[in-house]
Protein chains: 2
Amino acid sequence: MPKSKYEAIYRDLKQKIEEGDFASQELLPSEHSLIQTYGCSRNTVRRAISELVSDGYVQTLQGKGVRNIFRPVAQAAFTIGGIESFKESSQRNHKKGRTRVLQFMELIADEKISLRTGFEKGSELYYLQRLHYLDEKPLILNHNYFLKSAAEGLTPEIAEDSIYEYLENILHMTIVNSQRIMTVEKITQIDEKYLELDANDYNCMAVITSRTYNGDGVMFEFTQSRHRPDYFSFQDNAIRKSPLVRSDF
Amino acid sequence: MPKSKYEAIYRDLKQKIEEGDFASQELLPSEHSLIQTYGCSRNTVRRAISELVSDGYVQTLQGKGVRNIFRPVAQAAFTIGGIESFKESSQRNHKKGRTRVLQFMELIADEKISLRTGFEKGSELYYLQRLHYLDEKPLILNHNYFLKSAAEGLTPEIAEDSIYEYLENILHMTIVNSQRIMTVEKITQIDEKYLELDANDYNCMAVITSRTYNGDGVMFEFTQSRHRPDYFSFQDNAIRKSPLVRSDF
DNA sequence: GCCGATTTGTCCGTATGTATC
DNA sequence: CGATACATACGGACAAATCGG
């Protein structure tokens, strides 16, 4: 259940929009009328609306109202929004997800690993290689590095189910944010083997490199996700800011 | 100059962080002290901070403070964040950008175009093919469709400089948001020719498909941007939300 | 073109809750 | 336990944009 009023309102409106309660281009009820509906203050409905704006569901127009611009993206086989574990996103997309652990080991970060991941040299790490299947098709090959001190007690069994579930529910870690960089890279023999690719067909793939931080401000995860190119799709909603100018202070 | 107080504060803090005024992991001054510094209300500094959170510059920790987690991404040759014209992003990255117009024509959306772009069948459109150079290297091949009624008077000369500048400053359009989907696709002969690629080397590329909306709520642009894989990098900061549950209402 | 009603945008002050130390 | 810090929520004031009469 939602922890806060604004979140409850946000989810309610979001669901209504997804279910088509508002026509495309239609204006949502005004802030004033939402205040009546939900019995809350103006700030609270405004906060809910601003989240819908970030999601690309609505746009606000001063003097007019809040317009529904939601567009269902049917074609996207597998999308990402926010931080999600593979288990969560396969559930959200009503697909059957499965994870196979190819490798599980502990290691100490040497110079090379430290440079690549950003973990300090000498850090104790878990290193995993995992293959994610969606509807029995191997789609993603993950190379995970977890800081051992933050993910203490991780096992292959956990890694087969959901590492995030373990971190959040068992270790009570709060996962905060993730800096991601997406690139296109050549496929390797490992990719070819496990993702059942043919280098004569596609010879590159989508790679998402992410550094994830917890509530203690420590980067506890470095992951490289290698995605089958033909099943990869990444969605995003961008909001225009005015081109930057210098500040006052 | 910033139109609002919170934006001025946001930019000031952002600049200080980028310039290294705060050590990594260091806590920023507390909200209370920022109120003194900027002479404003608590809501106003909170709003500025929340934008920094979206940018992935800081993380807020209840009971502790606001922590600097900014990490300069030196390796990214060309990054995207928010909606930017090619001209703007090359300026931001201090690179020399140039645009070559390969094709410029008007056309009427037929069934096929309508299906692919989302413009209604029969819409009058401008179709452009443009090649973007960064430091004299061709990096991006764009296929742009603009709604003629929204971009009236567009010429190849304008398209060579900056279409967004024309739309915003001359036609006084407000560009609001852009729904983007990123995929990996096979390269075509056109890509090979203009982006100076070799299919024996890389045979795919990064493709960003975007639908952009203006202040009137109409989708005025459909663009497919085809990026050289070896120079492509897309940055993103994701924030963890709790896995979704059903709402109350 | 002006005026007033409506709607969103910015900003303020305050109160209370919750987490950290 | 108290002090500090961020999170949520409320209510109010004024500005700015839109729209209809």
Is A:R47 near enough to D:dT8 that one of its side-chain N or O atoms lies under 4.0 angstrom from OP1 or OP2?
-> yes
Quick one: are the ring centres of B:F222 and B:F119 less than 6.0 Å apart?
-> no
When both distances are under 3.5 Å in a Watson-Crick or G-U wobble arrangement, the nucleotide paired with D:dC1 is none
Separation of C:dT7 atom P from A:Q36 atom CD, nearest Å, is 11 Å
is_close_aromatic(B:Y126, B:F104), centroid dist under 6.0 Å | yes
Does the side chain of A:T60 get closer than 4.0 angstrom to OP1 or OP2 of C:dG9 through an N or O atom?
-> yes
Would you kindly check whether a donor in the side chain of B:Q62 faces an acceptor in the base of C:dT18, or vice versa, at under 3.5 angstrom?
-> yes
side-chain N/O A:K5 vs D:dC10 OP1/OP2, d < 4.0 Å | yes
Quick one: A:E7 CD to D:dA9 C1', roughly how many Å, whole number?
-> 15 Å
With B:A48 via side chain to side chain contact (heavy atoms under 4.5 Å, CB included) - residues at least two apart | B:I9, B:Y10
Would you classify B:L61 as touching base, sugar-phosphate or nothing, given that sugar-phosphate means primed atoms plus P, OP1 and OP2, and contacts are heavy atoms under 4.0 Å?
-> sugar-phosphate
For DNA chain C, whose closest nucleotide is more 5', that of A:V66 or that of A:N43?
-> A:V66
Atom CZ of B:R46 to atom C1' of C:dC12: distance rounded to whole Å?
-> 15 Å
Residue pairs passing the ring pair (Phe, Tyr, Trp, His ring centres under 6.0 Å) test with at least one member in residues 40-67 of chain B, sequence neighbours excluded, are B:Y57-B:F70
Quick one: is D:dG11 close enough that its OP1 or OP2 comes under 4.0 Å of any side-chain N or O from A:R42?
-> no
Roughly how many Å is it from OH in B:Y38 to P in C:dC11, rounded to a whole number?
-> 14 Å
Give the rounded distance in Å between these two atoms: CD1 of A:I35 and P of D:dG12.
-> 11 Å
Starting from P on D:dT8, measure out to CD1 on A:I9 and report it in whole angstrom.
-> 13 Å
Using atom CD of A:E31 as one end and atom P of D:dG11 as the other, report the distance to the nearest whole Å.
-> 15 Å
On DNA chain D, more 5' by nearest nucleotide between B:G63 and A:S4 is B:G63
Under 4.0 Å between a side-chain N/O of B:K64 and OP1 or OP2 of D:dC6, yes or no?
-> no
Under 4.0 angstrom between A:T44 side-chain N/O and D:dT8 OP1 or OP2 | no
In whole angstrom, what separates A:L27's CG from C:dT6's C1'?
-> 12 Å
B:Y6 side-chain N/O to C:dT10 phosphate OP1/OP2 under 4.0 Å = yes
If every non-hydrogen atom of A:E152 is compared with every non-hydrogen atom of A:L171, which pair is closest and at what distance?
-> O-CD1, 3.8 Å
